[in-house]
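Heads up, the thing below is written out as structure tokens.
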Amino acid sequence: MAIRSFLILFILFFFSSLNPILSLYEDQVGLVDWHQQYLGKVKQAVFHTHKTGRKRVVVSTEENVVASLDLGQGEIFWRHVLGSNDVIDGIDIALGKYVITLSSGGSILRAWNLPDGQMVWESSLRGPKHSKSLFLVRTNLKIEKDNIVIIFSNGRLNAVSCMDGEVLWEKDFEGESLKVQQVIQPPGSNLIYVVGFASSSLFEMYQINALNGELLKHESAAFSGGFLGEVSPVFSETVVALDSTGLILLTISFQNGKISFHQMPISNLVKDSFGPAKIIPSSVTGIFAIKMNAVTIVIRVKDESKLEVVEKTNHETSISDALSISEGQQAFALVQHASHEIHLRVKLAHNWDDNLLKESVKMDQHRGLVHKVYINNYIRTDKSYGFRALIVMEDHSLLLLQQGEIVWSREDGLASIIDVTTSELPVERDGVSVAKVEHNLFEWLKGHMLKLKGTLMLASPQDIAAIQSMRLKNSEKSKMTRDHNGFRKLLIVLTRAGKLFALHTGDGHIVWSHLLQSLQKSKVCQHPIGLNLYKWQVPHHHAMDENPSVLVIGKCGPSSDAPGALSFVDTYTGKELSSLSLVHSVAQVIPLPYTDSTEQCLHLLIDADKHAHLYPKTPEAISIFEREFSNIYWYSVEDDNGIIKGHALRGKCTGEVADEVCFDTRELWSIVFPSESEKIIATVTRKLNEVVHTQAKVIADQEVMYKYISRNLLFVATVALKGSVEIGSVTPEESWLVAYLIDTVTGRILHQVTHHGSQGPVHAVFSENWVVYHYFNLKAHRYEMSVIEIYDQSRADNKDVWKLVLGKHNLTSPISLYSRPDVITKSQSYFFTHSVKAIAVTSTTKGITSKQLLIGTIGDQVLALDKRFLDPRRTVNPTQAEKEEGIIPLTDSLPIIPQSYVTHALRVEGLRGIITVPAKLESTTLVFAHGVDLFFTQLAPSRTYDSLTDDFNYALLLITIVALLAAIFVTWTLSERKELQENWR
């Protein structure tokens, strides 16, 4: 009886020590997730380094971010992401306290408070026609109300007050066919010059009063040779341009309102010049630069008739804008890239021969070339001028140089990720020393004693801090080897700059980075574009001497027939193993489910001429491919034409493109959507590596439904032609949305549903036998999410669950896609509160764990929504059997539970994609969200049912077991003694 009592006590102690965690506590933040903030490639920067206040630099980027950075550390003070449709045209600082931004093609002007980034005012600038946007902040007037911003946009010149955003005056250029090139204000003057081209050979100048917008003078002059490109201002009343051939420099003067041209053939300045030139934009007085092929030529303008070459170099050169360092003196910087160094020189505009600063800085070659440079000055202790330079590199990184060193750097290329894949880490092989074991044992005991003190509420604040630090230290989340749960991996990401990064899932640190040669600008490839990232070699345990590698696919230019480029990169070291410049284009990439003896994955590349090319080009790969020749099918989607086609292989290529790995293709089927009534707006299919645990689904009353599982199912969403515009632009009667499920082998439409009064955009995800898609309902003025589940009726005689258990079923009978499938579908629609940017689904290693939808909301957060809420079998009053099955009662809207936000209170600004990766632990999936920011976390849709939590108190369990064993021994001894005494009676 005593032993039984202690066993019950033991069980109670054991379950009390489990302490299940149903939410995230404050001290757990950062243990399994991380969040990183970026900006994107900087396209404009303005320094603010007054004696009062913190020194900072305000930047705008290609990701439409305006931000204020600390000059000391490069950290973000504040930032605003304006959105994909709100492109920033210019920024500046006005009145020493406002950041002025012009965006949306010159339509929106905003002022932000410099210290904290709060918006002060916003003005809308409209005009009669679309035009180039130009931006000029005037700071020479004394009256604050008259401190104005001059804006030329949408065919109109505006003067806006810096104080409150009021438009003080405007001047239309609606009737003129003028293409404005520059808006110039001479220093200390109330005159504004608007110059540009009225035609290919007519130069025009407008002189305007800056105080009231009155037109003072208008002159035009024709030049028979025509004009090419942009103009560069060299003086307040002089600009430089190129003629239509790009071989003659034109100095255009409009002093006193009179236009005059002076021609200078470039060959007279540079004897060995060849090819057309291009003017490099600059604002340095009396200096401009041109580029001819790979040669940069810096030219000084002494007067309108005299040009002088001051430097000619074959090195890549960037020139900064002018920096006013004192009255009448301007400085500017030149940065030249040579091998592993960059050379920085700062000069005075009027004195080319002397250098104010000359430094050389060692630079990582994987940052590429210098794209832009911005300079700022400060006063040294000896009263001389010092300079700091902000450098924008080819890989979109941002660096601050000062006194010949890199003060800080930011990897802002990670704000423009275009594709993601994962790689396993190496297996830990090294042995462990006895001393290390003893040390680890001591640390283990110490940690659990501290945990015990915390459990008994005896821990001091120092003990609590020690517990948190030991938890972070012992988590080993940043270790560069695999863990048994599969949480530690490498995220391999490809950025728009053509740079490859390996991020550790533990804490997000960069393991390595590599700027791919095949995606760098060169004479052969002027406009390289990265496309996709694929796993190339995935060694398993029998071939662990090989490192895994990835395949990076790009092309040389935006056209569909541009030649492709391949790179093969080792994921452990970041070393580029090899690269190929292809003679054919890359229109489509098909990863095949086959590998050779070295674990290299086979890939089929389809070019613009519909030829298929096999990689790797090895005899073994060709042999494997030829064995599976008749089983390879794929499809192509032509969005613009409204056509979906199915393809198969025909035979070896013939003609000029013939080689061993080139194959001709044939068209099997096509579906043409009528262009006058439907437009394709979304297509999605299942993940190739998705694991389905079982085809059978046991429902109420012990019946079985069989999922229609096919890797060849394609979801297609089309919308009425009038409905392919912005939301709210059409009436419900004019728009409808049609969803299709299509078999891509036969082209057969298995299911079709029409949503009347609905329109896109459509975001969809396909998993197992169901698809969920999000769209807008015009009738209800709300967003909706619909679900379609498809089931196989050909196995209807296997509805009895006992047949499934006893194996008396026909699940092993062969299936052919060419036989018409007997399928049924179930669907349901629900209202959803949010607009959606991206949608994904959790994935686990065995497919047992229940699914959750990961929804990227318009607020740049990730919401986890249980798939059970999108069950088409939901009813208002479910039966008892359905309740036992887990069917949730039907409601018209999907719930938004605040605790279901995977990102917690964080935002992934500019959210573009959500990636899920299964861990080895079946209960857990890894989630990576990327946009301008990056976010990573671990998610357990059904909770961690297959593991103990990190907070499990082993020390308390050990003490409980020891105490129970001691109690059992004492009780047994007392029982034996009592029994002996009774026997002696």
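The shown structure was predicted, so the numbers you read here are calculated from the model rather than taken from an experiment.
The distance from atom CD of Glu882 to atom CD of Glu884, rounded to the nearest 0.5 Å, is 10.5 Å. Atoms CG and CD, from Asp892 and Glu784 in turn, are 10.0 Å apart once rounded to the nearest 0.5 Å. A distance of 12.0 Å separates OH of Tyr572 from CH2 of Trp512, quoted to the nearest 0.5 Å. Rounded to the nearest 0.5 angstrom, Ile709 CD1 and Asn769 CG are separated by 5.0 Å. The structure places NE2 of His763 at 6.5 Å from OG of Ser835, a figure rounded to the nearest 0.5 Å. For the atom pair OH (Tyr773) and OG (Ser829), the distance works out to 6.0 Å, reported to the nearest 0.5 Å.
Looking at His35, its side chain does come within 3.5 Å of a backbone N or O of Arg907 through a donor-acceptor pair. In this structure, Asp596 contributes its side chain and Glu599 its backbone to a donor-acceptor pair below 3.5 Å. Not a single donor-acceptor pair under 3.5 Å links the side chain of Arg868 to the backbone N or O of Ile888. Side-chain N or O atoms of Gln537 include one that pairs as donor or acceptor with a backbone N or O of Thr598 at under 3.5 Å. At least one donor-acceptor pair closer than 3.5 Å links the side chain of His504 to the backbone N or O of Lys479. Side-chain atoms of Trp34 come within 3.5 Å of backbone atoms of Thr505 as a donor-acceptor pair (strictly under, hydrogens ignored). No donor-acceptor pair closer than 3.5 Å links the side chain of His603 to the backbone N or O of Pro591. With Asp860 contributing its side chain and Leu911 its backbone, the two residues share a donor-acceptor pair below 3.5 Å. Remark: the backbone N or O of Leu906 is paired with a side-chain donor or acceptor of Gln861 at under 3.5 angstrom.
Under 3.5 Å, the side chains of Glu922 and Thr849 contain a donor-acceptor pair of N or O atoms. Side-chain atoms of Tyr38 and Gln36 include a donor-acceptor pair closer than 3.5 Å. Judged purely by distance below 3.5 Å, without hydrogens or angles, the side chains of Ser850 and Ser942 pair a donor atom with an acceptor atom. A donor atom on one side chain and an acceptor atom on the other are not found under 3.5 Å apart for Thr924 and Gln938. Defined by atom type and a distance below 3.5 Å, a donor-acceptor pair is present between the side-chain atoms of Thr571 and Ser423. Asn712 and Asp743 share no side-chain donor-acceptor pair at under 3.5 Å. Between Ser786 and Tyr775, the side chains place a donor N or O and an acceptor N or O closer than 3.5 Å (distance only, hydrogens not considered). For the 3.5 Å distance criterion, the side chains of Glu789 and Ser827 fail to qualify, holding no donor opposite an acceptor.
Aromatic ring pairs are classed by plane angle as parallel below 30°, tilted from 30° to 60° and perpendicular above 60°; the pair Phe935 and His904 is perpendicular. Using bins of under 30°, 30° to 60° and over 60° for the plane-to-plane angle, the ring pair Phe832/His774 lands in the perpendicular bin.
The pair Asp792-Lys707 fails the salt-bridge criterion, with no side-chain N (NZ, NE, NH1 or NH2) lying under 4.0 Å from an Asp/Glu carboxylate O. A salt bridge does not link Glu909 to Lys837: none of the charged side-chain nitrogens sits closer than 4.0 Å to a carboxylate oxygen. Under 4.0 Å is where a charged nitrogen must lie from a carboxylate oxygen, and between Glu424 and Arg488 no such pair does.
Aromatic ring centres of Tyr783 and Phe831: separated by at least 6.0 Å.
In this structure the side chain of Lys535 never reaches within 4.5 angstrom of the side chain of Pro548, judged on heavy atoms. At least one side-chain heavy atom of Val908 sits less than 4.5 Å from a side-chain heavy atom of Thr903. Side-chain contact between Lys489 and Val917: present, with at least one pair of heavy atoms (C-beta onward) separated by less than 4.5 Å. The shortest side-chain heavy-atom distance between Phe501 and Leu414 falls under the 4.5 Å cut-off. For the pair Phe487/Leu926, a side-chain contact is recorded, criterion being any heavy-atom separation below 4.5 Å from C-beta on. In this structure, the side chains of Phe936 and Leu491 come closer than 4.5 Å at one or more pairs of heavy atoms. By the 4.5 Å heavy-atom criterion applied to side chains, Thr481 and Val427 are not counted as neighbours. With contacts defined as side-chain heavy-atom distances shorter than 4.5 Å, the pair Leu854/Ile839 does not qualify.
Pairing each heavy atom of His693 with each of Gly847, the nearest pair is CB-O, 3.3 Å. Heavy atoms only, all atoms of each residue included: Leu490 and Val511 are closest at CD2-CG2, 3.7 Å. Here the closest non-hydrogen pair linking Ala929 and Val862 is CB-CG2, 4.1 Å. Across all their heavy atoms, Leu714 and Thr683 have their closest contact at CD1-CB, 4.1 Å. The two residues Leu870 and Val787 come nearest to each other via the heavy atoms O-CG1, 3.2 Å. In this structure, Thr685 and Leu713 approach most closely via the heavy-atom pair OG1-O, 2.8 Å.
Few gaps surround NZ on Lys687; more than 12 heavy atoms of other groups in view lie less than 6.0 Å from it.
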inquiry  = For Leu863 and Ile896: C-alpha separation, side-chain torsions, deciding distance, then whether side chain to side chain contact (heavy atoms under 4.5 Å, CB included) applies.
reply    = CA-CA 8 Å; Leu863 175 71; Ile896 305 295; 3.6 Å; yes
task = Take Val927 and Ile914 through the test side chain to side chain contact (heavy atoms under 4.5 Å, CB included) and record every step on the way to the result.
result = CA-CA 7 Å; Val927 180; Ile914 303 171; 4.1 Å; yes
ask   = Can you list the steps and then say if Tyr708 with Gln793 is a side chain to side chain contact (heavy atoms under 4.5 Å, CB included)?
value = CA-CA 9 Å; Tyr708 185 80; Gln793 283 292 95; over 6 Å; no
request  = Mind running ring pair (Phe, Tyr, Trp, His ring centres under 6.0 Å) on Tyr791 and Tyr706 for me, showing each step along the way?
outcome  = CA-CA 6 Å; Tyr791 292 94; Tyr706 293 94; 9.5 Å; no
Trace of the side-chain hydrogen bond (donor to acceptor under 3.5 Å, both in side chains) decision for Ser710 with Arg686 = CA-CA 9 Å; Ser710 173; Arg686 280 181 56 199; over 6 Å; no
task = Decide yes or no on side chain to side chain contact (heavy atoms under 4.5 Å, CB included) for Lys920 and Asn485, but give the supporting numbers first.
result = CA-CA 5 Å; Lys920 287 184 180 178; Asn485 289 329; 5.6 Å; no
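Across Val684, Val841, Ile788, Leu853, a single residue satisfies side-chain contact (heavy atoms from CB on, under 4.5 Å) together with Val772, and that is Leu853.
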